[in-house]
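The block underneath contains the structure these notes are about, expressed in structure tokens.
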There are 2 protein chains.
Amino acid sequence: MSKCTVIPVLRELVRCYQAFERASAEHIRALGLTPSQFDIVATLGNTEGMTFKELGEKTLITKGTLTGVADRLADRALVERFDCPDDGRATILRLTRKGERLFQEVFAPHMAFLLPAFESLPEAERAALARRLRVLGDALEARRATLGKAA
Amino acid sequence: MSKCTVIPVLRELVRCYQAFERASAEHIRALGLTPSQFDIVATLGNTEGMTFKELGEKTLITKGTLTGVADRLADRALVERFDCPDDGRATILRLTRKGERLFQEVFAPHMAFLLPAFESLPEAERAALARRLRVLGDALEARRATLGKAA
DNA sequence: TATTGTTATACTCTATAACTATA
DNA sequence: TATAGTTATAGAGTATAACAATA
């Protein structure tokens with residue numbers, strides 16, 4: 001019925017995200033990181049580290065792939081593994097000091113670069129946008145959860 | 001200064017997009033298409049076809065990669081190439097009848113599946129969301145355009 | 001000379017399934 | 001038995017640069 005108001009939202013969501021991706025891509029590659037590697041570094045930033053399982057859930061990267069991505073970051077001494085004290089099967093991945101430094105050195109300039117774009121919306125509208133994206137995001141996650149149920 | 005209202009928008013944008021991606025991924029893979037291939041099919045859907053150049057601009061896929069993705073779709077007879085009448089250098093890619101059929105058979109059910117999630121927002125809010133995403137997307141594109149200028 | 005698409009290369013990501021070690 | 005992470009494999013995507021044909 002109201003498909004006519006769904007398509008525009010979807011189109012703008014994709015377009016807006018892609019614009020963000022595009023604007024970020026050059027910054028990321030300048031660091032010598034792939035998008036997946038950046039995803040990991042960004043997710044680990046400002047945390048004490050987390051298990052591969054958690055990391056996989058947050059980044060949409062499956063565990064087999066994650067091992068390889070983590071290996072490449074570890075080769076560059078940006079992340080390190082250590083045993084999870086709570087569960088002998090689990091491994092925790094966290095940024096090394098070098099990784100922390102990269103994260104800090106990169107994020108501030110990156111946000112500063114993006115900031116003017118976000119200022120195209122007045123503050124109140126930004127808040128409203130965030131709220132609605134959250135509602136829609138929750139609904140999309142709930143919708144997906146129905147997939148496993150009845151197939 | 002107002003970084004505190006930027007981060008939430010960014011986080012929700014990413015999360016919402018990823019929720020959409022996740023919800024779509026299983027549908028797409030059920031067709032035996034990769035995300036990039038789906039991207040091409042979706043972009044070509046309801047068009048007369050377009051050049052590789054246009055397709056690359058719309059999908060963020062670089063020309064070298066595009067050749068390979070198009071080849072794999074052509075192997076499955078979902079797309080076909082023909083010479084651009086206006087420019088001897090250009091090649092137009094378009095959906096075959098089989099590709100059109102796939103597009104039609106896939107999009108209606110896919111939208112029908114996603115629809116309930118979008119109905120989590122009343123119609124007026126959906127329209128507002130689309131408008132703000134558009135403003136932000138435009139601003140992000142404009143921001144990116146400044147990159148090439150002063151380096 | 002510049003542009004369109006292809007080719008070649010080298011690497012990364014990806015899904016999947018089998019494997020290990022813990023639980 | 002189930003779960004966390006690794007390994008192995010085969011295919012696909014990716015950036016880049018060199019190339020042919022056309023503008």
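If you're wondering where the values come from, they're calculated on a predicted model, not measured in any experiment. Each chain gets a letter, A, B and so on, in the order the sequences are listed, and its residues count up from 1.
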Length of the line joining A:D71:CG and D:dT7:C1', which is rounded to integer Å: 10 Å

Salt-bridge present (B:D71, B:R76; N to O < 4.0 Å): no

Sugar-phosphate only, base, or nothing, as touched by B:T65 at under 4.0 Å among non-hydrogen atoms: base

Rounded distance (Å) that lies between atom C1' of C:dT4 and atom CG of B:D83: 12 Å

Atom-to-atom span, CG of B:L33 to C1' of C:dT14 - whole angstrom: 15 Å

Test log, rule salt bridge (Lys or Arg N to Asp or Glu O under 4.0 Å), inputs B:E141 and A:R15: CA-CA 10 Å; B:E141 281 187 7; A:R15 203 179 75 89; 3.1 Å; yes

Salt bridge flag under 4.0 Å for residues A:R94 and A:E80: yes

Nearest-Å distance for atom pair CD1/C1', residues B:I61 and D:dT16: 17 Å

Backbone N/O of B:L102 and side chain of B:E105: donor-acceptor pair under 3.5 Å: no

Test of ring centre spacing under 6.0 Å for A:F113 and A:F118: no

Spacing between B:L66 atom CG and D:dT14 atom C1', to the nearest angstrom: 12 Å

d(CD, B:E54; P, C:dG5) in whole Å: 9 Å

Closest nucleotide among D:dT14, C:dT6, D:dG5 to the A:F52 side chain: D:dG5

Short side-chain N/O contact to D:dT14 OP1/OP2 from B:T62, under 4.0 Å: no

A:D39 CG - C:dT14 C1' separation (whole Å): 14 Å

Please write out each protein N/O paired with an N/O of nucleotides 18-23 of chain C under 3.5 Å, distance rounded to 0.1 Å.
residue, atom, partner, partner atom, Å
C:dA23, OP1, A:G88, N, 2.9

Touch class at under 4.0 angstrom, heavy-atom based, for B:T34 against every strand present: sugar-phosphate

Side-chain (A:R81) to main-chain (A:L93) donor-acceptor, under 3.5 angstrom: no

Nearest-nucleotide comparison on DNA chain C, the residue closer to the 5′ end among B:T67 and A:G68: B:T67

Sugar-phosphate only, base, or nothing, as touched by A:S36 at under 4.0 Å among non-hydrogen atoms: sugar-phosphate

Interatomic distance, A:I40 CD1 vs C:dT14 C1' [rounded to whole Å]: 14 Å

Electrostatic pair A:E54-A:K58, nearest N-O below 4.0 angstrom: no

Most 5' of A:A90 and A:R29 on DNA chain D, judged by nearest nucleotide: A:A90

